[in-house]
Amino acid sequence: MSRMIWIVIGGTMLAAVPAVAQVELKTYANADGYIDVQALTCAQLANTFQEDADYLMVWYSGWYNGLGKKHLMRVDRTKALEHEIIVHCKANPGKKVIQAIDVVFNDYRAREGIKLKR
């Protein structure tokens with residue numbers, strides 16, 4: 001009898017866990033196959049597969065480095081900041097990814113004492 005109770009409890013616990021389906025990044029593309037990276041939300045980033053989120057974060061890194069006329073990449077820092085962005089996005093699903101990047105980059109610069117040239 002106690003074995004049956006544990007089976008019922010286990011099944012109930014599994015049923016109580018919310019299911020979040022992960023989707024491919026291309027799910028967020030428009031009819032022409034393009035993703036508007038400035039409109040992509042944190043919820044969308046958090047709902048993609050990890051390899052798609054990694055891919056997208058590398059793309060954003062290149063985009064921001066291009067804007068800053070930078071041509072170097074520190075892999076360890078990029079991975080650490082990517083993780084911080086994804087964590088921030090999971091906590092703030094209503095934000096756009098570019099807003100999360102701004103918050104994380106500003107926090108990083110403040111921690112490291114980095115001043116931007118204006």
Side-chain angles (χ1 to χ4, degrees):
M1 183 66 172
S2 69
R3 183 174 174 201
M4 183 58 125
I5 291 171
W6 284 113
I7 291 171
V8 170
I9 289 172
T12 303
M13 289 175 65
L14 285 175
V17 175
V20 177
Q22 291 182 310
V23 298
E24 292 182 32
L25 189 57
K26 67 182 180 181
T27 303
Y28 304 118
N30 65 17
D32 295 323
Y34 292 99
I35 295 173
D36 183 348
V37 294
Q38 291 184 322
L40 198 69
T41 67
C42 279
Q44 290 170 315
L45 175 67
N47 287 334
T48 63
F49 291 104
Q50 185 63 50
E51 58 269 16
D52 284 346
D54 292 343
Y55 177 78
L56 187 61
M57 289 293 96
V58 169
W59 187 93
Y60 277 115
S61 176
W63 183 42
Y64 274 91
N65 280 323
L67 292 173
K69 309 250 188 279
K70 307 282 185 197
H71 64 276
L72 301 172
M73 176 177 149
R74 269 189 51 195
V75 175
D76 60 335
R77 180 175 55 199
T78 301
K79 285 183 179 183
L81 290 173
E82 171 195 339
H83 176 72
E84 286 184 45
I85 292 164
I86 291 171
V87 167
H88 185 82
C89 275
K90 286 182 178 180
N92 300 278
K95 279 189 177 180
K96 293 191 181 336
V97 175
I98 59 172
Q99 292 171 315
I101 291 170
D102 189 47
V103 168
V104 170
F105 282 10
N106 286 337
D107 288 351
Y108 172 78
R109 289 184 195 112
R111 280 193 315 263
E112 297 297 317
I114 299 169
K115 305 279 189 227
L116 292 179
K117 296 177 188 174
R118 301 266 173 187

What's the verdict on side chain to side chain contact (heavy atoms under 4.5 Å, CB included) for M57 and V97, showing C-alpha distance, side-chain angles and the deciding distance?
-> CA-CA 10 Å; M57 289 293 96; V97 175; 3.8 Å; yes
Hey, mind stepping through N47 and T27 against side chain to side chain contact (heavy atoms under 4.5 Å, CB included) and telling me if it holds?
-> CA-CA 10 Å; N47 287 334; T27 303; over 6 Å; no
In sequence, state the C-alpha distance, the side-chain angles, and the governing distance for L45 and L56, and then conclude on side chain to side chain contact (heavy atoms under 4.5 Å, CB included).
-> CA-CA 8 Å; L45 175 67; L56 187 61; 3.8 Å; yes
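Hydrophobic cluster membership of V75, counting Ile, Leu, Val, Met, Phe, Trp and Tyr whose side-chain heavy atoms lie under 4.5 Å apart directly or via other members: M73.
Atoms CD1 and CG, from I86 and L81 in turn, are 11.5 Å apart once rounded to the nearest 0.5 Å. Put simply, CD on E82 and OG on S61 are 9.5 Å apart, with the number rounded to the nearest 0.5 Å. From D52, atom CG reaches atom CD of Q50 across 9.5 Å, with rounding to the nearest 0.5 Å. Atom CD1 of I101 and atom OH of Y64 lie 4.5 Å apart (nearest 0.5 Å). Going from atom CD1 of I114 over to atom CG of N106 covers 11.0 Å, rounded to the nearest 0.5 Å.
Put simply, the side chain of D102 never gets that close to the backbone of I98: no donor and acceptor are under 3.5 Å apart. Although no hydrogens or angles enter the test, the distance criterion places a donor-acceptor pair under 3.5 Å between the side chain of T78 and the main chain of R74. With hydrogens and angles disregarded, a donor-acceptor distance shorter than 3.5 Å links the side chain of Y60 to the backbone of V37. A donor-acceptor contact shorter than 3.5 Å is absent between the side chain of D32 and the backbone of Y34.
When R111, R77, K90 are each tested for a salt bridge (Lys or Arg N to Asp or Glu O under 4.0 Å) with E84, only one passes: R111.
Looking only at side-chain heavy atoms (C-beta outward), D36 and N30 stay at 4.5 Å or farther from each other. Between V103 and K95 the shortest side-chain heavy-atom distance falls below 4.5 Å.
Residue-environment remark: OH (Y108) exceeds the threshold of 12 foreign heavy atoms within 6.0 Å.
When the side chains of ILVMFWY residues are joined at heavy-atom separations under 4.5 Å, either directly or via intervening members, V23 and L25 end up in a single hydrophobic cluster. In the hydrophobic clustering of ILVMFWY residues, with side-chain heavy atoms under 4.5 Å counting as a link, F105 and W59 come out together. Residues V104 and Y55 are members of one and the same hydrophobic cluster, defined by side-chain heavy-atom contacts under 4.5 angstrom among Ile, Leu, Val, Met, Phe, Trp and Tyr. Under the 4.5 Å side-chain heavy-atom criterion for Ile, Leu, Val, Met, Phe, Trp and Tyr, V58 and L40 are members of distinct hydrophobic clusters.
Looking at every heavy atom in both residues, F49 comes nearest to E24 through CE1-N, 3.7 Å.
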